[in-house]
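Below you'll find the structure, written out as structure tokens, and then a few comments.
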Amino acid sequence: MPLKILPLLIAAFSGVAMAVQGTINSALGKVIGLWESTFIVHLVGLLVVTLLLFLCKLGDGCLTDILKAPWYSYLGGILGVLIIYSVVLSIPKVGVAPATTAIVLGQVLTAGLVDHLGLFGMNKIPFSPYNLMGTLLMAGGAWLILKQ
């Protein structure tokens with residue numbers, strides 16, 4: 001069990017980073033605009049990854065294998081643009097906590113579907129009644145957080 005704790009802590013940190021990132025991106029969007037902030041976020045990310053990959057030599061893969069990846073794996077960039085834009089649009093209108101709650105609920109429901117069906121080359125992990133109950137409890141919690 002302890003071996004599973006570190007990846008979960010890293011995932012939790014990712015959630016913290018997402019909430020902070022959404023807030024910061026929304027602040028930028030208020031100043032320069034939605035599409036403009038989406039562009040800047042991706043440009044800065046590209047610069048950071050370029051430094052890490054080429055100057056710091058942190059990559060452990062092989063870019064020359066790019067054409068071996070399945071076609072759908074290239075959709076991540078498009079989804080990234082849609083995610084950043086959607087977050088920048090929604091947070092100023094509903095607040096960080098409600099938007100993040102809706103994001104997490106959407107992620108969990110979609111992740112359960114991806115696992116259950118084994119989409120995109122993932123191992124099939126059945127969506128059990130316990131998973132459904134947990135998701136419904138999360139939805140109830142989301143409703144309570146969103147209730148004014």
Side-chain angles (χ1 to χ4, degrees), residues 1-30 34-35 37-50 52-53 56 58-148:
M1 186 66 143
L3 293 177
K4 289 187 178 182
I5 291 174
L6 183 59
L8 290 175
L9 289 174
I10 292 169
F13 171 76
S14 169
V16 170
M18 285 180 191
V20 173
Q21 180 204 34
T23 305
I24 292 169
N25 292 350
S26 294
L28 180 62
K30 286 180 183 177
L34 296 175
W35 285 113
S37 62
T38 301
F39 172 75
I40 293 300
V41 166
H42 283 87
L43 180 63
V44 171
L46 175 64
L47 293 173
V48 169
V49 132
T50 299
L52 294 173
L53 190 59
C56 299
L58 291 183
D60 61 356
C62 184
L63 282 175
T64 59
D65 289 339
I66 192 168
L67 296 177
K68 294 179 182 176
W71 68 269
Y72 55 79
S73 63
Y74 299 106
L75 298 176
I78 296 169
L79 291 172
V81 169
L82 293 174
I83 290 165
I84 298 295
Y85 181 82
S86 300
V87 168
V88 170
L89 180 69
S90 63
I91 283 180
K93 295 183 188 233
V94 298
V96 178
T100 303
T101 303
I103 290 165
V104 170
L105 188 57
Q107 285 176 326
V108 170
L109 290 170
T110 304
L113 184 65
V114 168
D115 280 346
H116 186 75
L117 298 175
L119 299 176
F120 311 115
M122 296 291 114
N123 292 330
K124 283 189 177 186
I125 301 171
F127 199 75
S128 73
Y130 293 112
N131 299 128
L132 180 60
M133 256 189 333
T135 304
L136 292 174
L137 285 170
M138 282 185 66
W143 179 78
L144 289 174
I145 288 173
L146 297 172
K147 190 169 173 58
Q148 297 292 330

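- Scanning all heavy atoms of the two residues, the minimum distance from Val87 to Ser26 falls at O-OG, 3.5 Å.
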Review point. Hey, mind stepping through Val41 and Gln21 against side-chain contact (heavy atoms from CB on, under 4.5 Å) and telling me if it holds?
Key: CA-CA 10 Å; Val41 166; Gln21 180 204 34; 4.1 Å; yes
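- Around atom CG of Leu47, more than 12 heavy atoms belonging to other residues, nucleotides or ligands sit under 6.0 Å away.
- How far CZ of Phe39 is from CG of Leu46: 9.5 Å, rounded to the nearest 0.5 Å.
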Identify each donor-acceptor pair in which a side-chain atom of residues 105-117 lies under 3.5 Å from a protein atom, sequence neighbours left out, and give them as a table.
from   : atom 1 : to     : atom 2 : distance (Å)
Thr110 : OG1    : Gly106 : O      : 2.8
His116 : ND1    : Phe127 : N      : 2.9

Practice item. Test Met18 against Val104 for side-chain contact (heavy atoms from CB on, under 4.5 Å), laying out the working first. Key: CA-CA 10 Å; Met18 285 180 191; Val104 170; over 6 Å; no
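- The closest donor-acceptor contact from the side chain of Asn25 to the backbone of Gly22 lies at 3.5 Å or more, if one exists at all.
- In this structure, CG on Leu82 lies 9.5 Å from OG1 on Thr38, to the nearest 0.5 angstrom.
- Not counting sequence neighbours, the partners of Asp65 by the salt bridge (Lys or Arg N to Asp or Glu O under 4.0 Å) test are Lys68.
- Under a 3.5 Å cut-off, the side chain of Ser14 and the backbone N or O of Ile10 do not form any donor-acceptor pair.
- For the residue pair Pro92 and Lys30, the shortest heavy atom distance occurs at CB-CE, 3.8 Å.
- Counted within 6.0 Å of OH on Tyr72, heavy atoms from surrounding residues, nucleotides or ligands total more than 12; the atom is thus considered enclosed.
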Point to revise | Test log, rule side-chain contact (heavy atoms from CB on, under 4.5 Å), inputs Ile24 and Leu28 | key: CA-CA 6 Å; Ile24 292 169; Leu28 180 62; 5.8 Å; no
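- The shortest non-hydrogen separation linking Ala19 to Val96 is O-CG1, 4.2 Å.
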Point to revise | side-chain contact (heavy atoms from CB on, under 4.5 Å) assessment of His42 paired with Ile84 | key: CA-CA 9 Å; His42 283 87; Ile84 298 295; 3.4 Å; yes
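- Atom OH of Tyr74 has more than 12 heavy atoms from other residues, nucleotides or ligands within 6.0 Å.
- Summarising the geometry, atom CG belonging to Asn131 is positioned 9.0 Å from atom CD1 belonging to Ile125; distances are rounded to the nearest 0.5 Å.
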